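This report refers to the structure that appears directly beneath it.
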2 protein chains.
Amino acid sequence: MAHRIVNDDELIAASLDLFRTYGFDGVSLKQLSEATGLEKASLYYRYPGGKDEIVMAAAEDVANWFQKNIFETLKGSSSPQKRVEAVSNRLREFYWGGSKSCVTDVLSLPGGPDKLRAGLKSVMKVWIDAFSQIARESGLPPPLARSRAEDVIARIEGSLIVARVPGDTSAFERTLKLLPELLTKK
Amino acid sequence: MAHRIVNDDELIAASLDLFRTYGFDGVSLKQLSEATGLEKASLYYRYPGGKDEIVMAAAEDVANWFQKNIFETLKGSSSPQKRVEAVSNRLREFYWGGSKSCVTDVLSLPGGPDKLRAGLKSVMKVWIDAFSQIARESGLPPPLARSRAEDVIARIEGSLIVARVPGDTSAFERTLKLLPELLTKK
DNA sequence: GTCTATATTAAGATAGAC
DNA sequence: GTCTATCTTAATATAGAC
């Protein structure tokens with residue numbers, strides 16, 4: 001094959017797309033090679049740790065995306081309701097309207113380095129805290145704010161499973177539409 | 001190793017426990033051999049189709065369990081509320097109080113035979129229909145009953161992810177407690 | 001019906017040419 | 001920095017003894 005030049009962003013984006021679809025154990029270096037256009041040896045040159053290191057880079061990418069698009073948006077200066085609406089739209093993009101599985105779900109299965117699950121756990125905890133915080137800002141008492149945050153995230157994740165298995169994205173769409181109400185109203 | 005006699009029920013139960021934890025791609029015949037106490041060749045004797053056939057048997061087991069414990073219970077003669085309470089308790093057992101991942105989630109990833117995903121899809125559709133039906137019985141208008149059924153199942157599945165990733169089963173427990181209300185009240 | 005032993009294929013990983 | 005070629009290990013799958 002002719003030499004291909006692929007920058008890190010493209011490489012990790014293509015890898016993430018594989019991992020979020022097939023899970024860590026479902027992705028081989030051959031698939032990564034075909035998806036990125038780089039031979040296996042070249043992948044090892046860039047990521048000496050192999051599949052483990054590539055999946056960690058992909059997971060960091062997701063963590064950074066959440067930081068920028070979810071957590072920072074929630075700290076904005078507009079009304080809580082407006083901020084949650086913005087977050088809802090970012091989530092719709094991230095999950096391609098429900099047609100992409102949840103990374104936190106698929107990559108949290110055993111398989112791959114322990115650091116991977118530790119990272120996902122950390123992202124989800126921050127996510128719960130962030131939703132909980134905006135619910136408190138909206139006047140919900142702290143214990144209710146927290147359980148509401150957990151329930152909303154559960155519903156997002158679960159509706160993505162409903163989207164994947166029976167193949168119906170309407171539950172996901174309903175959840176996103178209702179997000180502002182669920183997080184800011186008693 | 002000395003000859004082991006393992007009946008089909010034990011064999012499939014042990015296999016299911018592996019598959020629901022690690023996913024299809026995460027389970028090897030070596031693991032199945034160790035978990036069941038049978039050598040690989042013996043597994044092939046019983047299930048000539050190998051891993052594909054074993055996972056299908058495990059999935060059928062799950063489908064039968066849902067039929068008996070969820071769908072039939074929902075058709076009982078007590079009040080809708082009582083029936084949903086009973087279902088809630090069966091679900092708590094099936095998921096070990098939230099410490100076991102959702103089979104529908106873990107096994108619906110690509111990997112394994114297409115029949116596997118087709119079967120899970122079918123179970124989930126029947127599940128949605130069954131919850132939808134009991135919501136209608138309780139007086140909810142059909143369109144609302146259906147979306148409520150989908151949302152409740154999404155919340156169950158999602159709360160199992162919250163149980164697995166940050167390791168907190170409280171969202172799952174809340175969902176089960178609330179199940180009768182969510183399915184029978186406007 | 002289960003075993004040991006082995007064949008076959010694919011995966012992860014490295015060496016060395018360019 | 002990417003390639004081809006190869007090594008090593010592990011997975012699926014089968015043959016044949018008991």
Side-chain angles (χ1 to χ4, degrees), chain A residues 1-59 106-107 109-117, chain B residues 1-59 106-107 109-117:
Chain A
M1 183 189 283
H3 284 44
R4 286 266 331 243
I5 308 292
V6 183
N7 68 35
D8 271 21
D9 283 351
E10 292 169 330
L11 198 160
I12 292 305
S15 302
L16 174 59
D17 200 49
L18 283 177
F19 282 122
R20 75 188 300 189
T21 304
Y22 298 101
F24 183 83
D25 287 327
V27 173
S28 67
L29 281 164
K30 189 182 178 188
Q31 282 174 284
L32 287 167
S33 165
E34 287 166 356
T36 59
L38 280 183
E39 291 300 323
K40 283 186 285 178
S42 306
L43 292 174
Y44 275 104
Y45 177 81
R46 297 221 205 166
Y47 299 90
K51 213 168 81 161
D52 281 14
E53 195 175 338
I54 296 173
V55 81
M56 285 309 301
V106 174
L107 284 183
L109 294 183
D114 287 342
K115 283 187 303 179
L116 173 61
R117 275 171 299 284
Chain B
M1 185 188 283
H3 284 44
R4 286 265 333 242
I5 307 292
V6 184
N7 69 34
D8 272 20
D9 284 351
E10 293 169 329
L11 197 159
I12 292 305
S15 302
L16 174 59
D17 200 50
L18 282 177
F19 282 123
R20 75 189 300 191
T21 304
Y22 298 102
F24 183 83
D25 287 327
V27 174
S28 67
L29 282 164
K30 188 182 180 189
Q31 283 175 282
L32 287 167
S33 165
E34 287 167 356
T36 59
L38 282 183
E39 291 299 325
K40 285 183 285 177
S42 306
L43 292 174
Y44 276 104
Y45 177 83
R46 296 220 205 167
Y47 300 90
K51 214 169 78 162
D52 282 15
E53 195 174 339
I54 297 173
V55 81
M56 284 309 302
V106 174
L107 284 183
L109 294 183
D114 287 343
K115 282 188 304 180
L116 173 61
R117 274 171 299 284

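Reminder, nothing fancy here: chain letters follow the sequence lines and each chain counts from 1. Note that this is a predicted model, so its numbers are computed, not measured.
Straight-line distance from the CD atom of B:Q31 to the C1' atom of D:dA10: 12 Å, rounded to whole Å. As rounded to whole Å, 12 Å separates atom P of D:dT4 from atom CG of A:L38. The CG-C1' distance, from B:D52 to D:dA11, rounds to 14 Å in whole Å. Here the C1' atom of nucleotide D:dC3 and the CZ atom of A:R46 are 13 Å apart, to the nearest Å. Nucleotide C:dA11 holds its C1' atom 14 Å from the CG atom of A:L43, rounded to whole Å. We find that OH of A:Y44 is positioned 12 Å from C1' of D:dC7, with the value rounded to whole Å. B:E39 places its CD atom 14 Å from the P atom of D:dT12, with the value rounded to the nearest Å. Protein atom CD of B:E53 is 15 Å distant from nucleotide atom P of D:dT12, rounded to whole Å.
Every residue meeting the side chain to side chain contact (heavy atoms under 4.5 Å, CB included) condition with A:S33, not counting sequence neighbours, appears here in chain and number order: A:E39, A:K40, A:L43. Not counting sequence neighbours, the partners of A:R117 by the salt bridge (charged side-chain N to carboxylate O under 4.0 Å, His left out) test are A:D114.
The residues A:D8 and A:R46 are annotated as salt-bridged, a charged nitrogen and a carboxylate oxygen being separated by less than 4.0 angstrom.
Of all nucleotides listed (D:dA13, C:dA13, D:dT4), C:dA13 comes nearest to the side chain of A:K40. The side chain of B:K51 lies closest to D:dT12 when the candidates are D:dT12, C:dG12, C:dC3. Nearest to the side chain of A:A41, among D:dT4, D:dT12, C:dA11, sits D:dT4.
In this structure, B:S42 reaches the bases: a heavy-atom distance under 4.0 Å links it to at least one base atom across the strands shown.
For the atom pair CD1 of A:I12 and CD of A:E10, the computed distance is 11.5 Å after rounding to the nearest 0.5 Å.
For A:Y45 and D:dG1, the shortest distance from a side-chain N or O to OP1 or OP2 is below 4.0 Å.
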